[in-house]
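Quick note on labels: first sequence line is chain A, next is B, and so on, each numbered from 1. Model, not experiment: these values are computed from the prediction. All values below were derived from every heavy atom in this structure, side-chain atoms included, with hydrogens, water molecules and symmetry-related copies excluded.
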Amino acid sequence: MHLLLVPADDDAVRLARLDAHGVLLGEPWQLGREDLPAAVAGLERDEAPRWVWDTTSDLYSALLQAGTRLARCHDISLARTVLRFSTLVQDPDYARFALDVTGSAEYPVSDAVEPEQRQESLFEAPRSHRSLEEVRQEFAAQLKAVETSRAPARLRLLLAAESAAALVAAEMRFLGVPWDQAVHRELLEEALGPEPAPGRRPALMEDLVVRLRELLRAPRLNPDSPQELLKTLHRNGIEVKTTRQWELKSSDHPAIEPLLEYKKLSRLHTANGWTWLDAWIRDGRFRPDYVVGGVVTGRWSSRGGGALQIPRSVRRAARALPGWKLLVADASQVEPRILAAMSADEGMARAARGQDLYAEIADAGFGGSRSSAKIALLGAMYGSTTGESARLMPQLKKLYPRAIALVEEAARTGERGGAVSTWLGRSTPPPGPDWDAAQRTQSQEEQRRADAWARARGRFTRNFVVQGTAAEWAECWLAGIRSRLAGLPLPDGAEAASPTGPAELVFFLHDEIMIHAPEELMPRCVEAVESAAREAGTLLFGRAPVDFPLTVAVVDSYDQAK
DNA sequence: CCACACAGCGCG
DNA sequence: AAAGCGCGCTGTGTGG
């Protein structure tokens with residue numbers, strides 16, 4: 001049973017029951033927004049439907065705030081993103097449909113919401129009002145596209161995982177990562193000195209600027225300007241082409257050390273300093289926006305607060321509340337394990353049935369050198385053509401012919417301008433206008449540029465199949481964790497404070513999750529995380545030929561994990 | 001004045 | 001020691 005939910009004008013929401021093909025069952029009805037949460041909670045309890053809507057965050061955030069958690073949904077926007085390019089889809093009607101909905105859209109369009117638009121209003125304003133019938137038709141078209149596709153089961157799994165991920169993302173934003181302001185301020189003062197007036201440099205950075213100006217004989221130097229800095233370095237005989245850290249390290253000039261120190265502090269101050277704290281931490285929680293499928297490969301991206309780039313140096317401030325713990329679980333070496341499973345390379349799968357895949361590969365063919373094995377394999381997945389990884393490639397290819405053939409075929413397809421797909425059927429968007437232009441070039445210079453472009457596209461498609469399938473595994477893992485946590489009992493004497501239950505799934509970073517929960521619940525959480533990982537492997541690859549081992553830590557603060 | 005590209009660096 | 005893939009954010013610099 002499906003329940004379709006479509007925002008209408010004048011503060012109302014329209015609902016309709018749909019059958020398994022998206023056909024209306026009975027008459028649609030309408031509810032005022034203020035009545036919606038209670039009505040939805042009742043329907044969820046009595047009918048346990050799959051909720052169908054265009055965009056999860058538009059409606060679900062408000063439901064959560066009203067205390068309602070939902071078990072499952074179908075996110076039409078996320079499904080559209082997958083289906084419009086998936087090479088598994090054969091239905092010509094759907095392609096036309098998706099084109100209509102997305103507007104122009106021969107090429108992907110960004111549907112980013114402006115920050116001002118996504119403020120804390122009770123309901124997120126939908127970008128455009130489509131009628132219930134229009135939305136229903138798109139949903140029905142999606143169901144048909146899946147059922148008539150080359151691999152319905154795979155696409156069904158992918159869309160279910162995406163929709164579950166959308167629920168998780170909204171819940172994570174609702175809950176937030178527990179963040180200790182005092183600890184964060186302490187660590188900032190320790191590194192930078194007392195909080196400066198707005199627009200001023202912190203004291204310890206200012207000291208470094210004074211030293212740098214003396215050492216480089218440049219009394220007005222602004223080290224934040226790469227151009228200025230480069231010129232100044234040259235005047236002092238430091239012959240670097242850029243001002244990047246690793247290049248600066250090649251010089252032993254006395255100014256280099258304070259310069260690197262300045263860059264480190266500057267990064268902390270500008271990216272995660274006092275301004276960041278004031279902007280992003282409220283009520284002791286960090287609540288960024290997660291964008292499911294925000295990356296072409298299917299990974300999540302985030303908006304605000306640099307949520308997926310929290311540097312190690314500030315992770316101390318992510319702390320469990322008293323009596324609670326953080327569970328941080330990290331899936332080890334996901335991408336090479338995914339490659340082994342996808343390619344059904346028996347040798348590599350053997351290496352992937354254990355805790356340390358790189359060590360196994362090292363023993364199998366790199367004289368026990370783990371670092372060589374790792375460099376070779378990463379190079380194969382990223383398309384490295386130079387240095388050590390290129391030198392090791394022939395050996396890797398001899399050891400694991402099928403695995404290497406898979407990524408090389410993906411690269412060749414990309415170089416020709418073709419599309420490649422993940423295991424569950426997310427495909428690369430078409431190359432874009434500059435590809436067509438490059439095809440028609442005449443001059444030698446233009447031809448060289450076109451070749452370079454083709455190689456870059458090949459590296460992209462080569463990596464896409466692996467990174468994208470790893471993202472699918474991770475979303476299945478996430479969905480499995482979510483449903484298991486929902487089934488956990490309340491600890492003795494505890495109140496059901498949160499609609500998402502006693503254990504809070506608060507953070508997700510590509511192959512890593514964080515749960516915030518009462519200490520006595522932690523053994524159950526660990527079990528949930530581990531069994532969900534096993535299940536994800538089976539969901540994708542059947543009787544899973546490879547393992548997906550986890551590193552699990554139960555800690556008080558994020559920095560204590562790994 | 002705003003919009004955008006780039007450099008640089010954080011994360012996986 | 002980085003490179004080869006994917007991102008977001010900040011400050012600087014440029015062009016309208």
Side-chain angles (χ1 to χ4, degrees), chain A residues 110 112 115 199 201 205 222-231 240-250 259-260 262-273 275-276 279-280 288-315 330-336 338-339 371 374-393 407-408 410-411 414 420 422 426 428 455-471 473-474 507-513 558 562:
Chain A
S110 159
R201 278 196 187 96
M205 281 172 67
N222 170 14
D224 294 328
S225 162
Q227 292 187 11
E228 210 185 305
L229 183 58
L230 198 58
K231 263 187 264 169
V240 284
K241 290 208 294 293
T242 72
T243 63
R244 285 180 208 138
Q245 286 176 25
W246 67 266
E247 207 182 335
L248 293 174
K249 279 178 190 150
S250 64
L259 178 55
L260 292 175
Y262 177 86
K263 279 173 165 282
K264 210 177 83 201
L265 296 186
S266 164
R267 174 78 199 174
L268 175 63
H269 176 239
T270 56
N272 297 99
T275 316
W276 182 90
W280 292 105
D289 248 1
Y290 299 97
V291 186
V292 174
V295 179
V296 263
T297 57
R299 277 186 172 182
W300 292 18
S301 63
S302 67
R303 218 173 312 146
L308 306 187
Q309 302 121 259
I310 300 298
R312 288 188 138 58
S313 59
V314 308
R315 293 185 181 183
D330 181 307
S332 319
Q333 309 160 338
V334 177
E335 292 188 3
I338 288 287
L339 175 58
S371 65
K374 183 172 175 177
I375 284 169
L377 194 44
L378 290 176
M381 291 187 301
Y382 289 158
S384 175
T385 55
T386 59
E388 199 184 347
S389 69
R391 208 161 42 69
L392 296 167
M393 267 299 285
V407 286
E408 292 195 335
V420 298
T422 60
R426 184 190 302 273
T428 48
R455 281 195 302 276
R457 177 96 192 153
R459 289 193 300 273
F460 165 63
T461 52
R462 169 195 293 264
N463 186 251
F464 181 94
V465 294
V466 180
Q467 187 185 119
T469 305
W473 178 88
F507 192 60
F508 172 57
L509 181 54
H510 309 318
D511 58 3
E512 180 181 329
I513 61 96
Y558 190 13
K562 72 174 172 191

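One finds no side-chain N or O of A:S266 lying less than 4.0 angstrom from the OP1 or OP2 phosphate oxygen of C:dT10. Residue A:R459 places at least one side-chain N or O closer than 4.0 Å to OP1 or OP2 of C:dC5. For the pair A:T243 and B:dG8, the criterion of a side-chain N or O lying under 4.0 Å from OP1 or OP2 is met. Proximity of A:R244 to the phosphate of B:dG8: a side-chain N or O atom is located under 4.0 Å from OP1 or OP2. A sub-4.0 Å separation between OP1 or OP2 of B:dC9 and a side-chain N or O of A:K263 is present. Look at A:Q245 and you won't find any side-chain N or O under 4.0 angstrom from OP1 or OP2 of C:dA1. Phosphate proximity of C:dC7 to A:S301: absent, as no side-chain N or O sits under 4.0 Å from OP1 or OP2.
Nucleotide C:dG4: unpaired (no Watson-Crick or G-U wobble partner with both distances less than 3.5 Å). Base pairing of C:dC9 is made with B:dG8, judged by Watson-Crick or G-U wobble geometry with both donor-acceptor distances under 3.5 Å.
Between A:R267 atom CZ and C:dG8 atom C1' there is a gap of 9 Å when expressed in whole angstrom units. The nearest whole Å value for the distance from the CZ atom in A:F508 to the C1' atom in C:dG6 is 14 Å. Rounded to an integer number of Å, the gap from A:H510 NE2 to B:dG12 C1' is 4 Å. We find that CG of A:L268 is positioned 13 Å from P of C:dG11, with the value rounded to whole Å. Atom-to-atom, CG of A:N272 to C1' of C:dG8 comes out at 11 Å; the value is rounded to the nearest Å. Counting to the nearest Å, the C1' atom of C:dC5 and the CG atom of A:L378 are 10 Å from each other. Between A:Y262 atom OH and B:dG8 atom C1' the separation is 13 Å, expressed in whole Å. Remark: C1' of B:dA7 and CH2 of A:W246 are 14 Å apart, rounded to the nearest angstrom.
Backbone-only engagement by A:N222 is indicated by non-hydrogen atom pairs under 4.0 Å involving sugar-phosphate atoms exclusively. Within 4.0 Å of A:G306, counting heavy atoms only, lie sugar-phosphate atoms of the nucleic acid but no base atom. The residue A:R315 sits close only to the backbone: its heavy atoms come under 4.0 Å of sugar-phosphate atoms, none of a base. Among the protein residues, A:T385 comes within range of no part of the nucleic acid, since none of its heavy atoms lies under 4.0 Å from any strand. At the heavy-atom level, A:G294 lies nowhere under 4.0 Å from the strands shown.
Comparing C:dA2, C:dT12, C:dG8 by their closest approach to the side chain of A:I375 singles out C:dA2. Side chain of A:R312, nearest nucleotide from C:dC7, C:dG13, B:dC11: B:dC11. Which of C:dA3, C:dC7, B:dG12 sits closest to the side chain of A:E512 comes down to B:dG12. With distances taken from any side-chain atom of A:S384 to the nucleotides C:dG8, B:dG8, C:dA3, the minimum falls on C:dA3. In the set C:dG13, B:dA7, C:dC7, B:dA7 carries the atom at the smallest distance from any side-chain atom of A:P226. Considering only the side chain of A:Q309, C:dG8 comes nearest among C:dC5, C:dG8, B:dG8. Comparing C:dC5, C:dG8, C:dA2 against the side chain of A:N463 picks out C:dC5 as the nearest. Residue A:V296 has its side chain nearest to C:dC7 when only C:dT12, B:dC9, C:dC7 are considered.
Using a cutoff of 4.0 Å between basic side-chain nitrogens and carboxylate oxygens, A:R299 and A:E335 are scored as salt-bridged. A salt bridge links A:R201 and A:D224; the closest N-O separation between the charged side-chain nitrogens and carboxylate oxygens is under 4.0 Å.
Once rounded to the nearest 0.5 Å, the distance linking CH2 of A:W276 with OG1 of A:T270 reads 13.0 Å. Taking CG of A:L268 as the start and NZ of A:K263 as the end, the distance is 15.0 Å to the nearest 0.5 Å.
The base of C:dC7 does not come close enough to the side chain of A:R299 for any donor and acceptor atom to sit less than 3.5 Å apart. Scanning atom types as modelled, no donor and acceptor separated by under 3.5 angstrom connect the side chain of A:R462 and the base of C:dG4. The base of C:dG13 has none of its N or O atoms less than 3.5 Å from a complementary donor or acceptor on the side chain of A:Q227.
You'll find the side chain of A:W300 reaches within 4.5 Å of the side chain of A:F508, heavy atoms only.
An anti base is found at C:dG11: its glycosidic angle is more than 90° from 0.
Between the side chains of A:R267 and A:Y262, no donor N or O sits under 3.5 Å from an acceptor N or O.
Remark: side-chain polar atoms of A:T469 are not paired, donor with acceptor, to backbone N or O of A:V466 under 3.5 angstrom. Distance alone, capped at 3.5 Å, places no donor-acceptor pair between the A:T422 side chain and the A:V465 backbone.
Residues A:K249 and A:A307 both approach DNA chain C. Their nearest nucleotides, taken by heavy-atom distance, put A:K249 toward the 5′ side.
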